[in-house]
Amino acid sequence: MIDGWSSHVDVDGLVELAATRLQAAADPAKAEPMAAYMKTDTPFFGVQKTGRLPVHRELVRRFPPENRADYREAVLALWSQPHREERYLAIDYAGSFPRYITVSSIPMYRRMIVDGAWWDFVDAIAIHLVGQVLLNQREATTPRVAAWIDARDMWLRRSSIIGQIGHKEATDTELLFDACRRRMHEAEFFIRKAIGWALRDYAKTDPTAVRGFALAHRSDLSGLSFREATKHLDV
């Protein structure tokens, strides 16, 4: 029982099917290089994105959530499995049901960001899940994401910066520039890269605003952040 709803999803069947299909598609020769590229000890089956797509589609078709409890239980069941591809499937599954990608799911997404603690997980969750909630329920979600700007967890701070990537004209520029401003003193690579990435993305929509921000804070932005932010701008 979650959030007052009874769960009806066959979690065991979901997890078993995911593992079975991934094992069938596994290429052991790719598993070690994939782990080395991601700099992780988490095991891989050796299934790249194209090989995971049919598995994802089958999971969505055969195990659709009937309510929010189903959604949460299914996502976390996949997320708790030992292989990295199973966690990728958890994120993909979570993104397949828009009716549940709401502010009520932010605590779960936050948990996944903190637990995932690496860019391949965090960026997908921040942009495609948290970012979607922020886009659709901005008033309710903005205070939560804004609180992450000063979070102790670095991956939450990164998420607060990159969460609006792809929002274009709907970008909350106050939130974006505030996050960049408050974190631009950090020496952490993933924060510096996030600032440059987020600003460069928004520069496609409003190059004048990004140019102005970058030049106004040129002495405070890291070289990496400034270069990334102004990569396609005349500065």
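A quick note: this is a predicted structure, and the numbers were derived from the prediction, not measured. Only heavy atoms go into these numbers, but all of them, side chains included; no hydrogens, no water, no symmetry mates.
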> Is there a side-chain contact between E66 and V9 in this structure, where contact means two heavy atoms from C-beta onward sitting under 4.5 Å apart?
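The answer is no, as the side chains (C-beta and beyond) never meet within the 4.5 Å cut-off.
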> Should Y88 and L53 be counted in the same cluster of Ile, Leu, Val, Met, Phe, Trp and Tyr side chains packed under 4.5 Å apart?
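Y88 and L53: separate clusters.
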> For E186, is there an ion pair with R157 - N to carboxylate O distance below 4.0 angstrom?
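The answer is yes: the pair qualifies as a salt bridge.
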> Going by side chain to side chain donor-acceptor pair (under 3.5 Å), name the pairs with one or both residues in residues 34-45, residues two or more places apart or in two chains.
T40-T42, T40-R84, T42-R84
> Thinking salt bridges, do E228 and R200 make one under a 4.0 Å N-O criterion?
yes
> L135 and side-chain contact (heavy atoms from CB on, under 4.5 Å): which partner among Q164, H167, K168?
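Answer after filtering Q164, H167, K168: H167.
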> Assert yes or no for the condition that the ring centre distance of F190 to W118 is strictly below 6.0 Å.
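Centroid distance F190-W118: below 6.0 Å, so yes.
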> Taking R87 first and then D115, would you say they form a salt bridge - that is, a charged N and a carboxylate O separated by under 4.0 Å?
yes
> Is any side-chain N of the basic residue among R182 and D150 closer than 4.0 Å to the acidic one's carboxylate O?
yes
> Counting C-beta onward and ignoring hydrogens, is there a side-chain heavy-atom pair between M112 and V75 closer than 4.5 Å?
yes
> For the pair H83 and F45, name the ring-plane relationship: parallel under 30°, tilted 30 to 60°, perpendicular over 60°.
parallel
> Taking the ring centre of each residue, are W155 and F121 less than 6.0 Å apart?
no
> Salt bridge or not for D123 and R158, using N-O below 4.0 Å?
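A salt bridge links D123 with R158.
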> Could you walk me through whether I101 and Y109 pass the side chain to side chain contact (heavy atoms under 4.5 Å, CB included) test, one step at a time?
CA-CA 10 Å; I101 306 175; Y109 301 154; 3.8 Å; yes
